[in-house]
Amino acid sequence: MLPKGPYKPSETEAEMLKFWLDHNFYAPEYTSDRELSSAHLPERESFMITLPPPNANGNLHLGHMSGYAYQDLMGRYQRMLGKKVLLLPGKDHAGIQTEVVFEKELAKKGKSKKDLGRETFYKACYKFCMDNSATARNQEKKIGLSADFERELFTLDPKIVDEVLKAFILMYEDGLIYRGKRIINWCPRCSSALADIDTEFKDSQSPFIYFKYGLIDAEPYAVSLKNKFAGKEIEVTVERSKGDKFTTKNGEEYQWPFDYYGYIAGEKNPNDGEDLDAWILGFDNLKKGDKVTGKAEAIMMRFDKDYKLIVINPEKNLNELQDELEKLFLHYCKHFAGVHIIKFADYPEDKFYNNGFIIGTVRPETIFGDTAIAVDPDDWRYQEFLGKSFAVRTITSTTKLNIIGDQAVDSEFGTGSLKITPAHAMEDWDIAKRHQTECMPEKQVINFDGTMNHLAGKYNGMKADEARKTMLEDMKTAGMLISIDTAYENRIRICERCKHPIEPLVSHQWFVDTKPLKAKAKELVEQGFTEIMPEGKKKTYFDWMNTPEDWCITRQLWWGYRIPVWYKGTHEQFIDENGVVREKIAGKTISENSDYQDLLYVGLDNPNSQSETLDVIRHAETDNNHIGRISGQNDSQINANGVTQTGLLAKKLKSENTGYDLIISSPLKRTYTTATIIAKELGLEVITDDRLKERNFGILEGLLWQEAELKYPEFTSANDANYQETIPGGESIQEVESRVQEFIADIKQKYAHKKILIVTHSGVIRVFKRELGGETPAASRAHEINNLEINSFPFRLPVTDNRSPIWNQDSDVLDTWFSSGQWPYLTLKASGVNDYQDFYPTQVMETGWDILLFWVTRMMLLNPYRAAKELQKSNGKPWDQQPGEKIAPFKDVYLHGLVLDKNGVKMSKSKGNGIDPFEMMQKYGTDALRLSFILGNSVGQNYRLYEEKIANNRNFCNKLWNAGKFILMNLEDFELRISNLESQLRATSYQLPNLLPADQEMYNHIQQLHQDTTRRMDSFQFGIAAQELYDSFWHTFADIYIEKVKSRLYTKDREGNPINQDEAAQQSRKAAQAILYFCMNAYLKMLHPFAPFITEKIWQALPKSEQEAESIMYCKWKIK
RNA sequence: GGGUGCUUAGCUCAGCUGGUUAGAGCUACUCGUUUACACCGAGUAGGCCGAGGGUUCGAAUCCCCCAGCACCCACCA
């Protein structure tokens, strides 16, 4: 029975949540005892969603919740289809974001990260994340997310870290990761490189400065012509008149189109040494050889740098002739292409060359880093300069600039000439790379801390923006400043996290060569191994995959995976005297083309201690050993033979000069005695450690092995299956393993650089074989371990600072996306023994469309690579030739829309228009909120969410509740046969084929609805599925069918008198009950993925058969 | 500059592979508390499905083009 009154979500939700969690329903291993035996487990089809890991320190917002609603509904639906479902949760360390947040935390206590030091900072930050992640995890539980929380992983979990570093190493070995020098976004405050996606733009008004680069020892010819002829009378000898035939240099014949043509007496064109030409307009009756005088009014300039003066009749003026001239030029454009007439009167003084280049810039302080001036190669104004180089005046000195032509320059913008500063502007770097010889090497004038360096002369040491202001004054004084446009609007790139302006800088970083990975990622979608929904987003995906941009994966932070790269000697990056960014290893500058071959080591282990080994020895013989009796932790002593043998061994060790610093022993007598004998001979101390004790064999201890094998085969058979079997009173192998693992980790820390001898037992030695020897569990058990047998394992100890190591580890950490980009692979590798085999490739990646380019693309780059490398181990084929269906990380990418506020504006903290999901859940119920994310929405489409919507869905839940109550009230005498409508109806005369019309209609309706819903669910049309269920339940089932059958259900009238007592009425009543029960069951099941709490609650209250599952979560989706 | 999505009732949105009279919720109005529910029921009103063109027996749906809005990517010297 359900309690009276309206539906109270908070009570039901707390109760259901506890029920689900207590029964471990979320684990894929769960099977209902009543439905399936665990023997069937491996055969079940698997369905997995790797959940997008939220930031470990963040509070979850509505966006996260909407994602969970979609992910969970898919999971719940698939679970009801009988699949083995895993929704794998995780938390992200969120690199720079968390580092900045935690630095602020520290600042509150008056500390900086430098005060703590790298290690302490990392540990503190780790703790900070772990503490905070509980909040997010509880919130995930609260929304009803049926994820297996036991499997939750943090991106910096040690199990994950090793796998991430392995990816770096594999990719390095495959040539997919390289060290390169490139311009990158640099945040001077964070002191780190940033990817474009770690930055954002801010609108700003910056003064746009026009200044002149004065040419020192060169005067443009056009300028000299102007200076010589503008407005002056010149004498011209006539050569040709209108209509005269002439032949061009390429042999084409033309008729002269203009009035006259001639040359200026006594003037030679220095470009070709020929007579300086003149076009004569407006004189009458001249003939060849005549000499005329006139005023030169303009230069006609052609792209082949051929200058002609136009001389005109003083009675006519050039403006009047302009149109006519242009028409003529157009007509003859084949020959005269690229002709410009420059009137002396309008001769440009300030917007382009005039004995120099006028440059427009917002960053004058970078002029010391200029290597060239670029112009549009087709820009007529700069033709005579192309390919030349000029000495120009800066404020304090002079420098030489090459003039290059590049299509990237927009001749319309500013003055059409662009200063090239390869070290401090992205676009400039690209242009400079296209013109290596003219523009490179770079001249970096701003240091990594954002101050000007030695190349900036008197500005050396100033902050860049300070230098900018000071320079304005100085430019004015030096006569360089032409004008300032103070209203200029531009966008400044800033650090997404700390909002400090980004300084583009050249720097050595590690890059991923994305070309082969992108090609593969593209192919996987093209060939349909991964589908992207909505369809339209495929294009965005392909566009990104087609952009051949390499990925800078290193960040200069502390919070993250420190890269497994080591330099032979001290390593530093610096700016040399010419402004070139270089690297130095062990004091030696790396040459530009060096491949670092002998100077780099890339690997998981510290190369400084590569030769170290750890020796592990078994204790000497005991009487029990002799007869094959199990000792375990039962304390037996070594026998006389053992003492003798140990003595001999100790002498041998001494003579071999093994150089042990320390002996660590199990505290049991047989090992401790063995250790002491050796220690005495070598003059060492013995330290004991409980974790080295033999496995506790519990009830097996004292038995002979033969006896034990007969009596307890389940504990003695050597196979992987009894790995987790705990012997009564004793330990499982797994337990031994974990204490030994802990021990190993400890001594790595504690006894760095000590050479250690371990004295222990065979069970423990087998763990060493697995952990350090890389042996499989089976191999580690394959051989008997003899008394006093020494096993040497490679054991690399961390380096301490006071040891001055040869190899220094790179201090950089990896970009967060490098790890989250492998997330499905990493989590499955780390979460359980067989999870990778069982669940990779996963089925669905569900996330917001805004994450497509950040995350999904990167997962499509890295996961297929990792999976392919895994396959390569067994079949030897190169990674890029592995089958797509095995390496694609997921079959479908479902991108949900973003939640907007009532006015269609994206919710954000700063706008304050966000809705607190927990407040809504409190007020209207989690199911109501979840329905609001789904109902009527379609894939990839943003949707508005506001309180009325949620309230409306609360009403729906209440309707469900009341209908449930009503049905239960009328099922009091209902005897459930089995949960099958047909047998339920058998006691009545209304069998399936001849139901009452109303029943028949309802029955048909729900069959159709179930079919439709299934189709919708299978084709990801969740919004429609939910809408149809909503409408059907409310308006067909509740409003129509229930109303119709009421009269058949009642056994008493309003006054309490019995009615419907005869046999026919009873049968009709039973039929109605059967249909009601059948439909309600079906609705609850179909609605469960959308509204899990209330459906479970009502379903629990309905009569159930013995065979039915414990929870609606494990009900069969099919209705019968 | 390149791209994507949207435009359907007063408002917010569905409408899958083209097929009877275009749907829902909210809002408005009318009526109704009869043993689930006023967080309700019965009903009414409200739409040349952005404009134009095409394909088709038939178009909100497919194609072309235009306009407006929103967003994404790149660039902004």
What about A:R1016, does its side chain sit under 3.5 Å from the base of B:C16 through a donor-acceptor pair? yes

Whole-Å [atom1] distance, [N] and [M]:
| N | M | atom1 | answer |
| --- | --- | --- | --- |
| B:G5 | B:A14 | P | 14 Å |
| B:C62 | B:C16 | C1' | 14 Å |
| B:G23 | B:A9 | P | 14 Å |
| B:G47 | B:A24 | C1' | 14 Å |
| B:G54 | B:C65 | C1' | 10 Å |
| B:G1 | B:U8 | P | 28 Å |
| B:A38 | B:U34 | P | 12 Å |
| B:G32 | B:U20 | C1' | 33 Å |

Sugar-phosphate, base or nothing in reach of [X], heavy atoms under 4.0 Å:
| X | answer |
| --- | --- |
| A:F208 | sugar-phosphate |
| A:K1046 | base |
| A:F956 | nothing |

The nucleotide from B:C40, B:A14, B:C76 with an atom nearest the side chain of A:N955 is B:C40

Of the candidates B:C26, B:A36, B:A77, the side chain of A:F413 sits closest to B:A77

Intra- and inter-strand pairs of RNA chain B in dot-bracket (Watson-Crick or G-U wobble, both distances under 3.5 Å; | for another strand): (((((((..((((.....[...)))).(((((.......))))).....(.(((..]....))).))))))))....

Please list, in numerical order, the residues of residues 359-374 of chain A that have a heavy atom closer than 4.0 Å to any atom of RNA chain B. A:G360, A:T361, A:V362

Between A:L853 and A:N937, which is nearer to the 5' end of RNA chain B once each is assigned its nearest nucleotide? A:N937

